[in-house]
Structures are given as C-alpha cells and as structure tokens.
Amino acid sequence: TEYASPHELAELMGVTAKDIIQKCFALGKFVTINQRLDKESIELIALEFGYEAEFISEVEATAVIAEEDAEEDLQTRPPVVTIMGHVDHGKTSLLDYIRNSNVVAGESGGITQHIGAYEVTVDGNRKITFLDTPGHEAFTAMRARGAQVTDIVILVVAADDSVMPQTIEAINHAKAAGVPIVVALNKIDKVEANPEKIKTQLSEAGVLVEEWGGEYQCQEISAKKGLGISELMGKVLTEAEMRELRGNYSAEVPASGIIVESELDKGKGVISTVLVQRGFLKVGDPFVAGNTLGKVRAIMDERGKRIPSAGPSQPVMVLGFEDLPQSGDVLTVMVTDREARDLAQKRQVIRREHDFRRSTRVKLDSIARQI
Ligand code: GDP
Ligand code: MG
C-alpha cells in the first residue's frame, strides 16, 4: 500500500517538496517528487516536521475484530526475527549458516524447498522463527499494510565496511515499528575488520551498544566461519525474554496468521507461507485472507512434511487458497465456509470502492497539527 508523494505531502504540510526529499534522504531513502511513499515513511516524515499523520481506514479494518485473549490461554511463544542490513553485509550468509547448522544438529533431511520463514531450535529446546525475506522488502510491505510480524531485528553490519544507507534505513524501520534491534558485527574473520569503528558509527546513528552503556546488544560474528552465532542466538533469546512474548495457545479460538509470501504452483495451486499468530491453524479450517478465501487442504513444515496443525510463531506452508493472497494479508479462520464467503465478498466490494476513491483523490486524509 502506498500513499502520498513528496509533492502531495509538501502541500499538506506547507513545506517544499525539496524539504521532504531531503528528509527522506536523511532517513536513508532516495525518492523522487512524485513517487508514492509507504505509510511508515510518511509517519516518520510527518513527525520530523512536527505533524502526526492520520490515515483513512484501511480495508483490513473491516477484518474480523479479534476478541481479547483470555489470560489463561496465553503462553510464551518463540520470537519472530528478521535479519536486516546493507547489501553484501552478510544477511543471506547468516540465514544460511543458521539454517544449515540447525539441520545438522537436528532432524534428518535439509530444508529443500524455499520457504519464506523457518523455525530453528537452539540449545535443544528453544525455538526462534526467522523470516527469510529478500532484503527488508517484505518487512516494510507488511508494516505498510499494518501487519506487525517481527519481534526482533538482527541488524547485520559488515565490520570491514561502514554503516551504510540501508543500515540507517533498517534502523529507522525497526525504530518506527518499535522493534528491538540486536546488532551482529559480521565478517570479524577479516583482517580489515574494525568493530570499534562500526560501533562509533552506530552510536552516531542512534544505536549505542551495551558495552558502551547503551541499550543495544551487540555480537561479533563471522557468518562464513560460524563464529559467534550461538552467542548471537543467545542474545536474541534474552531479548525475547525481556519482551515477554506471548501467544494464544487455546485450541478453541479461531486461528489467525499473516501471509508472508505466496506463489502459484502449476500442480498444487496457491502455496502460501503463513506465520500463525493466534490459536492453531488446522487442516479443514475455512478462512479468509485479504481479498481471497479458502479451506486449509494441507499444512507443511519447512521440510515439506505434512502436519495436522500449527500454533503461534510457527511458519508453515498452506494449501487451499482460491486465489493468491498478498504479503501482509491477515488469514482468519471462520467457523463455516459460508461465513468465509460472505466476508470475502464484503471485502471485495469495499476494496473496489476504495480503489475507486484512491484514483480520484489523494489517499492521505488529514494531517493534524501536533500540539
Ligand atoms: P547480503 O547481501 O547481505 O545477503 O550478503 P551475502 O550473505 O550475500 O554476503 C556478501 C558477501 O560477503 C559474500 O561474498 C559472502 O561470502 C561474504 N561474507 C558474508 N559473511 C562473511 C563473513 O563472515 N566473512 C567473510 N570473510 N565473508 C563473508
Ligand atoms: Mg542476500
């Protein structure tokens, strides 16, 4: 979902488009005057100019209003982690190392297929879910759609390089989303590595590491050699403990989750990676997801093994969608097929009206001056 352009924002706030573009640049974003900005950027920019952005209601606001979770249903759930950082700083290498080491230590058979998220087991029994998204596109796309999926960001910075524009962008995204950051100073095996320099640059970017009296945990690693990775996982788990992450583990509540990514397979139809957030998603459940609907035909783990159900923080592949859902769509289980179909139809009508309105006027409804 994209909203106003710098040009439109400038008019609304009574500043020049150049001011907006420069502010975007300072936030690590390169934009042109008529480029549509995501919600998060607009929130940040508006704040920079002393405004608070207000957006017209999202289509998703018509989603089922989730009931409150009963206290006795809540249990500790695994953290969901996204790895962010500048290109070539080692995000893929780190994800690969974590995935492969877990496979070696754990069950037989590797993760053969590409799945947008996977779960690893640390110290024998503690789980961490990783979102395996190219760069931070999915993170920002999901955020822009109002979906909060990431609990912790691992910020990878190559110790032989510098804090770079995408490092800053990642910091800004994480901070805007209120997501804690754990810093991984990568490529520590290289002779050119200079972790102290990176820590200085990070402090200038508002990320003061713990050993310098700040609040951010930091670990030197080599994704290539596997150095410091288990220490890094330990720090992620510590962060998760401090946040007291909990999920609804009741077998009774209708399950819900977030669509991480989807693809169309010639034989199987739509295959979607779903991160379950509440309750247990079960085979046979009717559901709505964004503009589409379906009935769960099969659930598979990251090894392609069929499982009957999946609970909070568990990433799974789901079959049974009528159409392709979008990343960030909320999947909600409905009691009956009929109920799912009615809601999906209602949403389609709203979506059409919404698209029509968008094409006729600026989507940013109002910007109120902040006291
Ligand atoms: P990404 O763009 O952030 O996903 O970065 P990649 O994981 O693709 O890594 C970029 C390059 O850095 C590759 O050539 C990696 O082999 C190399 N690399 C990643 N981690 C390390 C490390 O810890 N040490 C060294 N020496 N090279 C690394
Ligand atoms: Mg990569």
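What you see is a predicted model, and the numbers here were worked out from it, not measured in a lab. Order of listing sets the numbers, starting from 1, for every ligand and every atom in it.
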**Residue and atom name of the nearest protein heavy atom (relative to atom 24 (N) of ligand 1), distance in Å to one decimal** = Asp189 OD1, 2.7 Å
**the Mg ion (ligand 2) to nearest N/O/S of Ser93 less than 2.8 Å** = no
**Request:** Measure the distances from the heavy atoms of Lys225 to every atom of ligand 1 and state whether one is below 4.0 angstrom.
**Result:** no
**Item:** Per-atom contacts of ligand 1 with Asp88, taking only distances under 4.0 Å to non-hydrogen atoms
**Value:** 1 (P), 2 (O), 3 (O), 5 (O), 10 (C), 12 (O)
**Prompt:** Any idea which protein heavy atom is nearest atom 11 (C) of ligand 1, and the distance to it?
**Reply:** Lys187 NZ, 3.9 Å
**Ile188 N/O under 3.5 Å from ligand 1 N/O** = no
**Within 6.0 angstrom of Glu192 CD, more than 12 heavy atoms from elsewhere** = yes
**Message:** Are the side chains of Glu119 and Pro315 in contact, using a 4.5 Å heavy-atom criterion?
**Reply:** yes
**Ligand-side contact atoms (ligand 1) for residue partner Ser222, heavy atom cut-off under 4.0 Å** = 22 (C), 23 (O), 24 (N)
**Prompt:** Can a salt bridge be assigned to the pair Arg99 and Glu302 using a cut-off of 4.0 Å between side-chain N and carboxylate O?
**Reply:** no
**Message:** Under a 4.0 Å threshold between the charged nitrogen and the carboxylate oxygen, would Lys224 count as salt-bridged to Asp189?
**Reply:** no
**Asked** Does Lys23 count as lying over the ring of Phe49, i.e. NZ or CZ under 6.0 Å from the six-ring centre, within 45 degrees of the axis?
**Response** yes
**Request:** For His86, counting its heavy atoms only, list the atoms of ligand 1 lying under 4.0 Å from any of them.
**Result:** 3 (O)
**Asked** Is any side-chain N of the basic residue among Arg36 and Glu8 closer than 4.0 Å to the acidic one's carboxylate O?
**Response** yes
**Message:** Using a 4.0 Å cutoff against the non-hydrogen atoms of Lys91, which atoms of ligand 1 qualify?
**Reply:** 1 (P), 2 (O), 3 (O), 4 (O), 5 (O), 7 (O)
**Prompt:** In the protein, which heavy atom is nearest to atom 8 (O) of ligand 1, and how far is it?
**Reply:** Thr92 CB, 4.1 Å
**Prompt:** Considering only the protein, which heavy-atom contact is closest to atom 27 (N) of ligand 1, and what is its distance?
**Reply:** Lys224 CD, 3.6 Å
**Min N/O separation Val87 to ligand 1 under 3.5 Å** = no
**Request:** Tell me, yes or no, whether the heavy-atom count around Lys197 atom NZ, taken from other residues, nucleotides or ligands under 6.0 Å, exceeds 12.
**Result:** yes
**ligand 1 versus Asn186: contacting region, heavy-atom distance under 4.0 Å** = side chain
**Request:** Kindly say whether Ala158 contributes a backbone atom to a donor-acceptor pair with the side chain of Asp161 at under 3.5 angstrom?
**Result:** no
**Prompt:** Does CD belonging to Glu244 count more than 12 external heavy atoms closer than 6.0 Å?
**Reply:** no
**Asked** Which heavy atom of the protein is the closest neighbour of atom 5 (O) of ligand 1, given with residue, atom name and distance?
**Response** Gly90 N, 3.1 Å
**Numbering as shown, the atoms of ligand 1 that approach Ser93 to under 4.0 Å (heavy-atom distance)** = 6 (P), 7 (O), 9 (O), 15 (C), 19 (C), 20 (N)
**Item:** Within-cutoff protein neighbour (heavy atom, under 4.0 Å) for atom 20 (N) of ligand 1
**Value:** yes
**Request:** Check whether any side-chain heavy atom of Leu202 sits under 4.5 Å from a side-chain heavy atom of Trp212, and report yes or no.
**Result:** no
